[in-house]
Amino acid sequence: IQGMLERKHGLQSGGKKAPVRSWKQFHTVLCGQLLCFFKDENDFLQQKTANAPVNILGAKCERAEDYTKKKYVFRLKLPDGSEFLFEAPSLEIMNDWVRKISFH
Ligand code: I3P
């Protein structure tokens with residue numbers, strides 16, 4: 001699965017607040033157990049990553065019911081205590097990401 005997602009890095013490893021917590025858009029690609037981030041699809045085709053990939057091995061992924069500022073937001077919790085929020089463009093696309101990350 002791949003597509004544009006808004007991303008917010010909420011917590012860094014150890015559960016500490018991440019220093020930069022603003023929302024940012026990435027062309028996001030799930031590649032095996034790695035979630036990879038590119039500025040846009042063209043950068044993806046050229047393999048120019050915009051940000052460090054996230055290893056989703058052992059991660060928990062579910063809709064962020066408690067986050068009400070945006071629609072279709074899901075949360076990714078990594079075993080190291082870090083946490084990301086992602087906003088998808090639709091409910092269907094959000095569910096697709098959650099399924100594919102959960103059962104990768
Ligand atoms: C952050 C930005 C985020 C906001 C975050 C701010 O500021 O406004 O949108 O998250 O709030 O720190 P900056 O752009 O200056 O980094 P929300 O959209 O979820 O409110 P936070 O500190 O509560 O994480």
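We use all heavy atoms of the structure for the numbers below, so side chains are in, but hydrogens, waters and symmetry mates are not. Remember, it's 1-based here, ligands and their atoms both numbered in the order they're listed.
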**Message:** Counting only heavy atoms, tell me which of K24, R21, H9 gets closest to atom 3 (C) of ligand 1.
**Reply:**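 Closest candidate by heavy-atom distance is R21.
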**Message:** Please determine whether side chain to side chain donor-acceptor pair (under 3.5 Å) holds for the pair H104 and Q33, giving the CA-CA distance in whole Å, both sets of side-chain angles, and the decisive distance to 0.1 Å.
**Reply:** CA-CA 7 Å; H104 74 278; Q33 63 186 48; 4.7 Å; no
**Message:** Under 4.0 Å from a heavy atom of Y67: which atoms of ligand 1 are those, numbered in the order shown and with their elements?
**Reply:**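 What qualifies from ligand 1 is 17 (P), 18 (O), 19 (O).
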**Prompt:** If you count the atoms of ligand 1 from 1 in the order shown, which ones are under 4.0 Å from a heavy atom of K69?
**Reply:**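 So the atoms of ligand 1 that pass are 17 (P), 19 (O), 20 (O).
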**Prompt:** Does F103 have its ring centroid less than 6.0 Å away from the ring centroid of W97?
**Reply:**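 No: the rings miss the under 6.0 Å criterion.
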**Request:** Considering only protein heavy atoms, determine whether one is less than 4.0 Å from atom 14 (O) of ligand 1.
**Result:**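 It does: a protein heavy atom is found less than 4.0 Å away from atom 14 (O) of ligand 1.
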**Request:** Give yes if a backbone or side-chain nitrogen or oxygen of K17 is under 3.5 Å from a nitrogen or oxygen of ligand 1, and no if not.
**Result:**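 There is no such contact.
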Taking [atom] as the reference point, the nearest protein heavy atom with its distance:
atom	answer
atom 9 (O) of ligand 1	W23 CD1, 3.6 Å
atom 23 (O) of ligand 1	K8 NZ, 4.1 Å
atom 7 (O) of ligand 1	S22 CB, 4.7 Å

**Message:** Can you tell me which residue among V54, L30, D96 is in a side-chain contact (heavy atoms from CB on, under 4.5 Å) with I101?
**Reply:**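 Result: among V54, L30, D96, L30 is the only option passing the side-chain contact (heavy atoms from CB on, under 4.5 Å) with I101.
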**Request:** Identify the residue among K8, R7, K69 that makes a side-chain contact (heavy atoms from CB on, under 4.5 Å) with W23.
**Result:**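 Single side-chain contact (heavy atoms from CB on, under 4.5 Å) partner of W23 among K8, R7, K69: K8.
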**Asked** S82 side chain to D80 main-chain N or O, any donor-acceptor pair under 3.5 Å?
**Response**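 Pair absent, no side-chain N/O of S82 close to backbone of D80.
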**Asked** Can R75 and E62 be counted as an ion pair, charged N to O under 4.0 angstrom?
**Response**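 Between E62 and R75 there is no salt bridge, as every charged N stays at least 4.0 Å from the carboxylate O atoms.
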